[in-house]
Amino acid sequence: MTWVYIEDIGKHEDEDVEIRGWVYNKRSGGKIRFILVRDGTGILQATVFSADDQNPLFLKFDELTQESSLIVRGRVREDKRAPGGYELSLQDIEIIQVAKDYPIALKEHTTPFLMEHRHLWLRSRKQHAVLQVRTEVIRAIRNFFDDRGFRLMDTPILTPSACEGTTTLFETKYFDQMAYLSQSGQLYNEATAAAFGKVYCFGPAFRAEKSKTRRHLIEFWMVEPEVAFATLEDTIELGQDLILFIIERVLKNRRADLEELERDPKPLEAVSRPFPRITYDEIVPRLQAKGSPIQYGDDFGAPEEGLISEMSSSPVCITHFPAAIKAFYMQPDKDRPDLALGVDFMAPESYGEIIGGGQRIHDLELLERRIREHNLPREAYAWYIDLRKYGTFPHSGFGLGVERTVSWMCGIKHIRETIPFPRLLYRIYP
RNA sequence: UCCCCGGUAGCUCAAUAGGCAGAGCGGUUGGCUGUUAACCAAUAGGUUGGCGGUUCGAGUCCGUCCCGGGGAGCCA
């Protein structure tokens with residue numbers, strides 16, 4: 001008998017098939033028994049009907065508990081009463097293990113309880129749908145860059161010093177010296193961009209910040225493209241194309257998961273090019289007019305991000321920030337050297353910043369001055385400075401946060417559900 | 001790090017003004033021919049987060065610690 005996956009069940013109508021999986025739930029009604037079987041790709045209702053309550057299949061059914069593992073065999077039939085439209089008329093139940101006291105019931109639980117059982121919570125429908133969207137988003141990102149001729153360059157996770165020198169770093173021992181977990185692959189990618197032209201890295205980033213909000217993870221995934229000779233304008237276009245491509249893929253391939261999540265697709269369908277662009281100089285008075293206490297020179301807080309996201313149904317691109325509030329490597333505007341050629345993409349529906357990037361300094365002397373001004377250890381940046389010595393080149397790039405993007409796609413408020421095992425302040429188990 | 005909130009049965013919660021510790025779900029047993037988190041009946045299940053204090057009496061009031069949740073700052 002052929003082993004098939006539930007997501008393909010429609011192709012096997014009226015055939016005898018085998019499903020290998022787990023009991024999602026079961027019900028009985030006199031002479032009929034229902035098992036909802038889960039195999040990782042979907043849930044299928046399997047039925048047994050018999051007038052004999054000593055029927056061997058009934059006896060096996062009675063042993064089954066939630067999340068017991070089993071193999072079921074039977075005939076696939078279309079039936080409107082079954083969830084999903086198909087069901088399996090059971091011929092055989094092979095029990096692998098009867099699970100005892102599965103902790104997660106099919107009802108409401110609190111988040112702390114579910115997080116404590118994250119390894120099992122992943123099996124539930126909603127979590128399954130979110131992570132299906134995550135894999136789609138990641139696949140879309142890889143396809144997008146691969147199809148445009150970008151080279152994947154894996155940057156190191158163990159680094160000898162701070163990439164940006166600002167945020168708190170996780171320290172670890174590296175034999176007889178110290179090492180730090182990477183916060184970003186960007187600086188290394190500026191080197192690979194000089195070798196390959198257009199590159200991207202895609203990996204985890206670590207921030208030892210004591211952040212405790214729905215938008216922060218201690219360990220998160222980020223994709224960072226870097227393009228030699230690209231300007232700020234080029235990088236905005238690239239970010240816009242990437243976001244539109246991700247949305248298109250999610251809407252095309254993960255409709256059923258969005259439905260499971262009760263995510264209204266309309267706000268995603270409404271995203272269109274060009275994304276509105278506004279400079280920092282222009283946005284500050286507009287925020288003040290809407291009641292924000294922001295002063296010129298301040299960075300945006302959560303309330304400001306909310307106000308910005310209400311301005312458009314597409315992400316809003318904020319550019320030309322005061323150099324003082326941005327990273328040391330940001331290229332200044334040639335007419336207004338107090339402004340940095342950076343861009344932040346603010347997602348609609350209050351999902352906040354999903355992309356941060358811009359043009360990097362390529363002038364050797366300016367970079368050396370910025371390193372001094374930020375009190376960064378010159379020796380650690382010697383290789384980075386070399387990039388400006390040996391054929392320097394204007395270049396730009398950005399970082400897109402995977403989990404923030406997935407939360408936005410799914411319409412869920414807390415980022416912790418968008419990664420299989422979130423690392424949070426006060427939570428590193430399981 | 002700061003502000004706010006919470007911790008009672010395996011889970012989700014209730015318990016008047018300080019006065020006998022409760023319900024639903026899950027478990028177990030029985031019933032039901034189409035269930036959709038099925039339903040009906042019965043049944044078992046408790047060191048009220050820890051320590052200390054006030055009181056004749058504390059789940060309830062006070063102190064302290066632990067654990068968690070929400071928000072801020074910072075950022076993807």
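Lettering of chains follows the sequences in order, A, B, ..., and the numbering in each one begins at 1.
Ionic pairing of A/E116 and A/R427 is present here: one or more N-O contacts between side-chain nitrogen and carboxylate oxygen are shorter than 4.0 angstrom. Using a 4.0 Å cut-off between charged side-chain N and carboxylate O, A/K26 and A/D62 make no salt bridge.
Taking the six-membered ring where the residue is Trp, A/Y381 and A/F328 present perpendicular rings, their angle passing 60° and hence far from 30°. In this structure, A/F145 and A/F398 have tilted ring planes: the angle between them lies in the 30° to 60° band.
In this entry B/C11 has B/G24 as its Watson-Crick or G-U wobble partner, both defining distances falling under 3.5 Å. Shown here, B/G19 forms a base pair with B/C56; the pair counts as Watson-Crick or G-U wobble because both key distances fall under 3.5 Å. Across all strands shown, B/G6 forms a Watson-Crick or G-U wobble pair with B/C67, both key distances being under 3.5 Å. B/U1: Watson-Crick or G-U partner is B/A72, with both key distances under 3.5 Å.
Nucleic acid contact class of A/R427 (heavy atoms, under 4.0 Å, all strands): sugar-phosphate only. No contact: A/L36 has no heavy atom under 4.0 Å from any strand. Within the nucleic acid shown, A/G352 has no heavy atom closer than 4.0 Å to any nucleic acid atom. Residue A/H117 is classed as having no contact, given no heavy-atom separation below 4.0 Å to the nucleic acid. At the heavy-atom level, A/S28 lies under 4.0 Å from base atoms of the strands shown. When heavy atoms are screened at a 4.0 angstrom cut-off, A/Q45 is found touching base atoms of the nucleic acid. Across all strands, A/E219 comes closer than 4.0 Å to no nucleic acid atom at all (heavy-atom distances). Within the nucleic acid shown, A/A302 comes within 4.0 Å of sugar-phosphate atoms alone, with no base atom in reach, counting heavy atoms only. The residue A/P83 sits close to a base: some heavy atom pair falls under 4.0 Å.
Comparing the same atom, C1', in B/U55 and in B/G70 gives a spacing of 35 Å after rounding to whole Å. Spacing between B/G45 and B/A23 at atom P, rounded to whole Å, works out to 13 Å. For the P atoms, the distance from B/A9 to B/U1 is 30 Å, rounded to whole Å. Nucleotides B/U8 and B/C4 place their C1' atoms 22 Å apart, quoted to the nearest Å. For the P atoms, the distance linking B/U12 with B/G49 amounts to 14 Å, nearest Å. Taking the C1' atoms as reference points, B/A76 lies 44 Å from B/G59, given to the whole Å. Taking atom C1' on both nucleotides, B/A44 is separated from B/G27 by 9 Å, rounded to a whole Å. B/A58 and B/A21: their C1' atoms are spaced 13 Å apart (whole Å).
In terms of position along RNA chain B, the nucleotide closest to A/T111 lies nearer the 5' end than the nucleotide closest to the other residue of the pair A/K212 and A/T111. Comparing A/I355 and A/D101 by the nucleotide of RNA chain B that holds the closest heavy atom to each, the one mapping nearer the 5' end is A/D101.
In A/Y5, the OH atom is not crowded: 12 or fewer heavy atoms of neighbouring residues, nucleotides or ligands sit closer than 6.0 Å. Other residues, nucleotides and ligands contribute more than 12 heavy atoms inside 6.0 Å of the CD atom of A/E94.
Note on A/T213: every side-chain N or O is 4.0 Å or more away from OP1 and OP2 of B/A72. A sub-4.0 Å separation between OP1 or OP2 of B/G70 and a side-chain N or O of A/R416 is present.
Taking the centre of each ring, A/F150 and A/F196 stay at or above the 6.0 Å mark. A distance of 6.0 Å or more separates the ring centres of A/Y102 and A/W22.
Rounded to an integer number of Å, the gap from CZ of A/F34 to P of B/U33 is 12 Å. Going from atom CD of A/E67 over to atom P of B/G26 covers 16 Å, rounded to whole Å. Taking atom CD on A/E63 and atom P on B/U28, their separation rounds to 12 Å, with Å as the unit. Atom pair A/E87:CD and B/U35:C1' shows a separation of 10 Å (rounding to whole Å applied). The NE2-P distance, from A/H109 to B/C11, rounds to 9 Å in whole Å. The nearest whole Å value for the distance from the CD1 atom in A/I104 to the C1' atom in B/G27 is 17 Å. Following rounding to the nearest Å, A/Y426 (OH) and B/G68 (C1') show an atom-to-atom distance of 11 Å. We find that CD1 of A/I246 is positioned 13 Å from C1' of B/A76, with the value rounded to whole Å.
Of the candidates B/G70, B/A76, B/C74, B/C74 carries the atom nearest the A/S211 side chain, counting heavy atoms from C-beta on. Comparing B/C74, B/A76, B/U33 by their closest approach to the side chain of A/M222 singles out B/A76. If you check B/G69, B/G34, B/C11 against the side chain of A/R81, the one that comes closest is B/G34. Ranking B/C75, B/G34, B/A37 by closeness to the A/R77 side chain, first place goes to B/G34. Proximity note for A/D79 (side chain, C-beta onward) versus B/C74, B/A72, B/G34: the nearest is B/G34. The side chain of A/I32 sits closest to B/U33 out of B/U12, B/A37, B/U33. Counting only heavy atoms from C-beta on, A/T47 has its side chain closest to B/G34 among B/C74, B/G68, B/G34. When each of B/U12, B/U35, B/U1 is scored by its nearest atom to the side-chain atoms of A/L425, the top-ranked nucleotide is B/U1.
Side-chain atoms of A/R404 come within donor-acceptor range of the base of B/C75, with a qualifying N/O pair under 3.5 Å. Judged by atom type and distance alone, A/E353 does not reach the base of B/C74 through any side-chain donor-acceptor pair under 3.5 Å.
Judged purely by distance below 3.5 Å, without hydrogens or angles, the side chains of A/Q45 and A/E87 pair a donor atom with an acceptor atom.
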